[in-house]
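Worth knowing before you read on, the calculation uses all heavy atoms, side chains too, and leaves out hydrogens, waters and symmetry mates. Chain letters run A, B, ... following the sequence lines, proteins first and then strands; every chain starts at 1.
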Number of protein chains: 2
Amino acid sequence: MLISEFAKATGLTQDTIRFYIGKGLLKPRRSEKGGSNAYQIFNEDDVTAARMIRLQQSLGYTLREISALNDEYRKGMRSPKRTAQIMRTQIGKLEEKQAQVENALAFLRDKLQWIEAGKPGDTPRLNDYYC
Amino acid sequence: MLISEFAKATGLTQDTIRFYIGKGLLKPRRSEKGGSNAYQIFNEDDVTAARMIRLQQSLGYTLREISALNDEYRKGMRSPKRTAQIMRTQIGKLEEKQAQVENALAFLRDKLQWIEAGKPGDTPRLNDYYC
DNA sequence: CTTGACCCTGGAGTATGGTCCAGACCCATA
DNA sequence: TATGGGTCTGGACCATACTCCAGGGTCAAG
């Protein structure tokens, strides 16, 4: 897959893709021919990686963090134990994020209740849910 | 509460607080005296607002989005119906975010299973979970 | 009314995450 | 081998979200 097709498959622009490659977030292989300007060739794993990057980004992770995680993941590729460990760390982080979302939702739902019920008690405070 | 105490209460720097005020994200009242350089005075609601900003930011919202939401919220303050409607919209957005986190978690958990089980089937693809 | 701790404004600087070219290169087709 | 559509590199430029002053104002205590 060349860059234009990859761009369509992922919804990223070619510039963004090249930017990510420059940052080491994507590592497509290169065709042998063509010397220093050889075309970059993407596969399905690159598509998955790109989606994962977008997802992580929408959850508030910086490219630096995402890159660090992916690098570590790549480094541990040979040892399944190490890979599993990294994945558990990542799952742990996402579970934290999940807890944050749930806390915010609890706060908003309480406040909505409070508004709709015509203020019987004290207004809910975020402090009680997010420390 | 003056800015130094507010900074301690929220974990923000004074510069960041002034930056947020400039963007309209926080609207503390001002002491009457002091003319154009009057001190800014914060209350508990400002602390809650600041925490909410940080929370929303950690979930990937831009200051522009957060500001728009808060403005709308303030505008609707007088009508409980409007306020409730805005809150339901916000809750809906957070539920989307929640779904994203859950999809990512499902993907990672499946992949972890796959790694630990010694590759009996195909590697899970993010496509199946995040469209 | 002076001193010292704290506060304000405006503007310049920084890091991140892109976006937009110009100029050159790749390569299948005619 | 010429041509045209696609690709590559390097560098300038932009918005966002801060961060760091300088120069000056505020105010309670002595």
In whole Å, what is the span from the [atom1] atom of [X] to the [atom2] atom of [N]?
X       : N      : atom1 : atom2 : answer
A/Arg54 : C/dG17 : CZ    : P     : 11 Å
B/Leu25 : D/dT16 : CG    : C1'   : 12 Å
B/Phe19 : D/dA15 : CZ    : C1'   : 11 Å
A/Ile17 : C/dG17 : CD1   : C1'   : 15 Å
B/Ile53 : D/dC18 : CD1   : C1'   : 14 Å
A/Leu12 : C/dG17 : CG    : C1'   : 13 Å
A/Phe6  : D/dC8  : CZ    : C1'   : 17 Å

Task: Five-pair end axes of the helix from C/dC1-D/dG30 to C/dA30-D/dT1 and the angle they enclose, rounded to 10° - done: 0°
Got a list of side-chain donor-acceptor pairs under 3.5 Å for residues 3-13 of chain B, not counting sequence neighbours?
from, atom 1, to, atom 2, distance (Å)
B/Thr10, OG1, B/Phe6, O, 2.9
B/Thr10, OG1, B/Ala7, O, 3.4
B/Thr10, OG1, B/Leu12, N, 3.2
B/Thr13, OG1, B/Thr16, N, 3.0
B/Thr13, OG1, B/Thr16, OG1, 2.8

Determine whether a donor-acceptor pair (N or O, by modelled atom type, separation under 3.5 Å) exists between the side chain of [X] and the backbone of [Y].
X       : Y       : answer
B/Lys97 : B/Leu59 : yes
B/Glu65 : B/Thr62 : yes
B/Glu72 : B/Leu69 : no

Open item on the list: Applying a 4.0 Å non-hydrogen cut-off, can you work out what A/Tyr20 is touching in the nucleic acid: base, sugar-phosphate, or nothing?
Closed with: sugar-phosphate
TODO: List the steps, then state whether side-chain contact (heavy atoms from CB on, under 4.5 Å) holds for B/Leu55 with A/Phe107.
DONE: CA-CA 12 Å; B/Leu55 179 53; A/Phe107 168 70; over 6 Å; no
Open item on the list: One character per nucleotide, please: for nucleotides 1-12 of chain C, 5' to 3', B when the base has a protein heavy atom closer than 4.0 Å, S when only the sugar-phosphate does, - otherwise.
Closed with: -----BSSB---
TODO: Step by step, work out the side-chain contact (heavy atoms from CB on, under 4.5 Å) result for A/Tyr61 and A/Ile53.
DONE: CA-CA 9 Å; A/Tyr61 295 106; A/Ile53 290 167; over 6 Å; no
Open item on the list: OP1 or OP2 of C/dT19 versus the side-chain N and O atoms of A/Thr16: is any pair under 4.0 Å?
Closed with: yes
- [ ] Count the heavy atoms belonging to other residues, nucleotides or ligands that lie under 6.0 Å from CZ of B/Arg64, then report whether that count exceeds 12.
- [x] no
TODO: Of all the heavy-atom pairs spanning A/Pro80 and B/Ile115, show the shortest one and how long it is.
DONE: O-CG2, 3.9 Å
Open item on the list: Given D/dT19, C/dT19, D/dA17, identify the nucleotide with an atom nearest to the side chain of B/Thr13.
Closed with: D/dT19
- [ ] Could you verify whether a donor N or O on one side chain and an acceptor N or O on the other, from A/Gln85 and A/Arg88, lie under 3.5 Å apart?
- [x] no
